[in-house]
Number of protein chains: 2
Amino acid sequence: MDSKGKKILIADDEPDILEILSYNLNKEGYEIITAKDGDDAIQKSKLFKPDLIMLDVMMPNKNGMEVCKLLRSQPAYQDTLIIFLTALSDEVSHVKGLEYGADDFISKPVSPKILVTKINTLFRRVQKPDDTALKAGNIVIDPVKFVVTVDGEDIVLAKKEFELLHLLATKPGRVFLRNEILSQIWGTEVIVGDRTIDVHIRKIRQKLGIDCITTVKGVGYKMVV
Amino acid sequence: MDSKGKKILIADDEPDILEILSYNLNKEGYEIITAKDGDDAIQKSKLFKPDLIMLDVMMPNKNGMEVCKLLRSQPAYQDTLIIFLTALSDEVSHVKGLEYGADDFISKPVSPKILVTKINTLFRRVQKPDDTALKAGNIVIDPVKFVVTVDGEDIVLAKKEFELLHLLATKPGRVFLRNEILSQIWGTEVIVGDRTIDVHIRKIRQKLGIDCITTVKGVGYKMVV
DNA sequence: GTCCATACTTAACAATATGTTTACGCAAAA
DNA sequence: TTTTGCGTAAACATATTGTTAAGTATGGAC
C-alpha cells in the first residue's frame, strides 16, 4: 500500500459523475473527498490536503481553470497533482489547462479503466527516494542503500524501524513527541496504539546493540550523540 | 545537474504547444530552439546541433516521420535523441516511429511533469553509454556482448532480465524502488503489475545461481557487493 | 502467410517478513 | 501505596514477496 491510502479530491457539479469516479477510485484504495463547485473545491483542498485534485472544467462558482490557477499560485499546492475533466474534443481547455499547471486530463465520458490507470501512473511518477545519508556518532543511516551502519558493520532494519530511526536522526538530541512520531511515520490516517512505537524502539535498540535512543518519560524519544 | 545545459529542438505547428513545452523545459535548465514545420526543423537541426529533437507527427512541409527518417539517415544524427509528439491513441505512429528510429513518444495532451521526467530520463540513459561492462563482485555484465559472466562462466539472460540486472548493477548497494524499476525498464507507457518484477528477479537469481540481489521489503531491490 | 519457440505477463496461492495488539511486570513519581 | 508510563514478549493480524502454472504476445524459421 505505497501509492494507496492517498487522498483524492473530486470536484464536479454532476452528482452522477462524482459517484462513478468515487466508486472506482475508492475500490482502488484511495480516499475520496468530493466537492460540488469551485469554491467548495478550494475550501476542501485547504481542509484535507489531498494528494491529487480532479477538477471539472465547467463548474459553478469558479470553474476548474480558476481553481487550478488559484491553488497553483500557493506554495502548498506546487506539488499537488491536478487533473482536469474535459469534454472529449475540448482542445482549448487542454492548452489553457497546461498553462495553469495541470498534470493530466481525462475526457468525458470517463472510462473507469483509463481513469484508474492514469491515476495510478501519475502517482507512480512522482515518488522519488530520499537520498540524504545521516550520521549520528558512530551510526550512519543511508536511505539510498537502506542500511544502517554501526562502527562499519551493516545492520538490516525493517521499513518502519528504519523510518523511525531516520526520523530521530534528522535532529539528534531533539526530543520527538509520540504524536510527532506517529504523524511522521504512520501519517494521520492510520491509527496505531502507543505500544506500537515502544515495540519498534525496542527492536531498533536490540538490533543496533548500542544504546542510542533515550526515553524521555511522559514526552517521547530522542537520539543521543 | 549534469544532464542540463543541453539543447532541445521542438518542432510543432501550434504556437501554444511550442510555448508550453519551451516554458517547462527552459525552467529545467535546457536550452530551447523551436521550429514551426518540418523543413524548419531540419534547417535548425543542422544549424544548432541539438541533443534532442521533439517532432510533432502532423506538421506542414514534411511531417515528423519524414524529418526523422531524413535526419537518421545522416551519420551526424545517429546518436541524437528523437521524440515524437503523438495523439494519445495513435498506435500507428508508435509503430512507424520506432521503425524510423524514434527514442520515445509523448502523447498529447502533454503533462509537464511527465514531459520533464521523460526527457531527464532519456538524457540520463544516453549519458552513461551502455557500452561499458559493469562489474559487481564476481559478476560481469557486458551490454555489448549481452552476456553475464559469473566466475568466468557465461550465462544467458532474456532481455528484460538483463536490463533489470544491469539497472541494479549500475549502482550496487543502492536500493531501487519498484517504481523506479518500472519506469526505467518498462517506461512510462506500459503498465505492468508488481508481480512481474518478482518473476524476473526470481529468474535472475535462479539463472545466476548466486544470491546477489537482496529484497528490501516494502521498498525494492538492491544488488549486494 | 503458418507454425514454433521463446519471452513476457498475469493470476492464484504459499511463504515469510513485518506491523500491531495484548497482557503483564517493573519502576519511578505522586 | 497507588498511579502512571514504559519495556518486554508472545500472540495475532496484515502486508509483501516468492513460486508456480497457465495464458498472451512476439519474433524467427520455414
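Computed from heavy atoms alone, side chains included, the values below leave out hydrogens, waters and symmetry copies. Residue numbers begin at 1 in each chain, while the letters A, B, ... track the order of the sequences.
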> Return the 5'-most residue of the pair B:G220, A:R178 with respect to DNA chain D, ranking by each residue's nearest nucleotide.
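Residue closer to the 5' terminus by nearest nucleotide: A:R178.
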
> What is the distance, to the nearest angstrom, from the CG atom on B:L182 to the C1' atom on C:dT9?
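Distance check: B:L182 CG to C:dT9 C1' gives 13 Å.
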
> Quick one: are B:K207 and B:L157 in side-chain contact, heavy atoms under 4.5 Å?
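A side-chain contact exists here, since the closest heavy-atom pair is under 4.5 Å.
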
> Has A:W186 got a side-chain N or O lying under 4.0 Å from the OP1 or OP2 atom of C:dG19?
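False: A:W186 side-chain N/O out of range (4.0 Å or more) of C:dG19 OP1/OP2.
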
> Provide, to the nearest angstrom, the distance between the NZ atom belonging to A:K159 and the P atom belonging to D:dT16.
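Nearest whole value for this atom pair: 7 Å.
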
> What are the two closest heavy atoms between A:P172 and A:A169, and how far apart are they?
CD-O, 3.3 Å

> Whole Å only: how far is the NE2 atom of B:H200 from the C1' atom of C:dT10?
12 Å

> Between B:Y221 and D:dT16, does any side-chain N or O lie under 4.0 Å from OP1 or OP2?
no

> Could you state the interatomic distance from SG (A:C212) to CD1 (A:I204), rounded to the nearest 0.5 Å?
7.5 Å

> Considering only heavy atoms, which members of residues 203-215 of chain A lie under 4.0 Å from some atom of DNA chain D?
A:R205, A:T215

> How far does CG of A:L21 sit from CE of A:M54, to the nearest 0.5 angstrom?
5.0 Å

> Output every pair passing ring-ring contact (aromatic ring centres under 6.0 Å, His included) with a member in residues 198-225 of chain A, not counting sequence neighbours, ordered by first then second residue.
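Qualifying pairs, neighbours excluded: A:W186-A:H200.
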
> Just how far, in rounded Å, is P of D:dG27 from NZ of B:K160?
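About 11 Å, once rounded to whole Å.
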
> Would you mind reading off the distance between A:F162 atom CZ and C:dG19 atom P, rounded to a whole angstrom?
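Checked: the CZ to P distance equals 13 Å.
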
> Tell me the interatomic distance from B:E163, atom CD, to C:dA7, atom P, rounded to whole angstroms.
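Rounded to the whole Å, the gap is 14 Å.
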
> For the residue pair A:S45 and A:I53, what are the closest heavy atoms and their distance?
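Minimum heavy-atom contact is OG-CD1, 3.6 Å.
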
> Without decimals, in angstroms, what is the distance between A:L164 CG and C:dT20 C1'?
14 Å

> Walk me through whether B:T214 and B:V175 qualify under side-chain contact (heavy atoms from CB on, under 4.5 Å).
CA-CA 9 Å; B:T214 306; B:V175 177; over 6 Å; no

> Using whole Å, report how far CD1 of A:I201 lies from P of C:dG19.
13 Å

> Hey, could you give me the CD1/CG distance between A:I33 and A:L9, rounded to the nearest 0.5 Å?
6.0 Å

> Reading nucleotides 21-30 of chain C from the 5' end, what letters show protein touch, with B for base, S for backbone sugar-phosphate only, - for no heavy atom under 4.0 Å?
BBB-------

> More than 12 heavy atoms of other residues, nucleotides or ligands under 6.0 Å from CZ of B:F146: yes or no?
yes

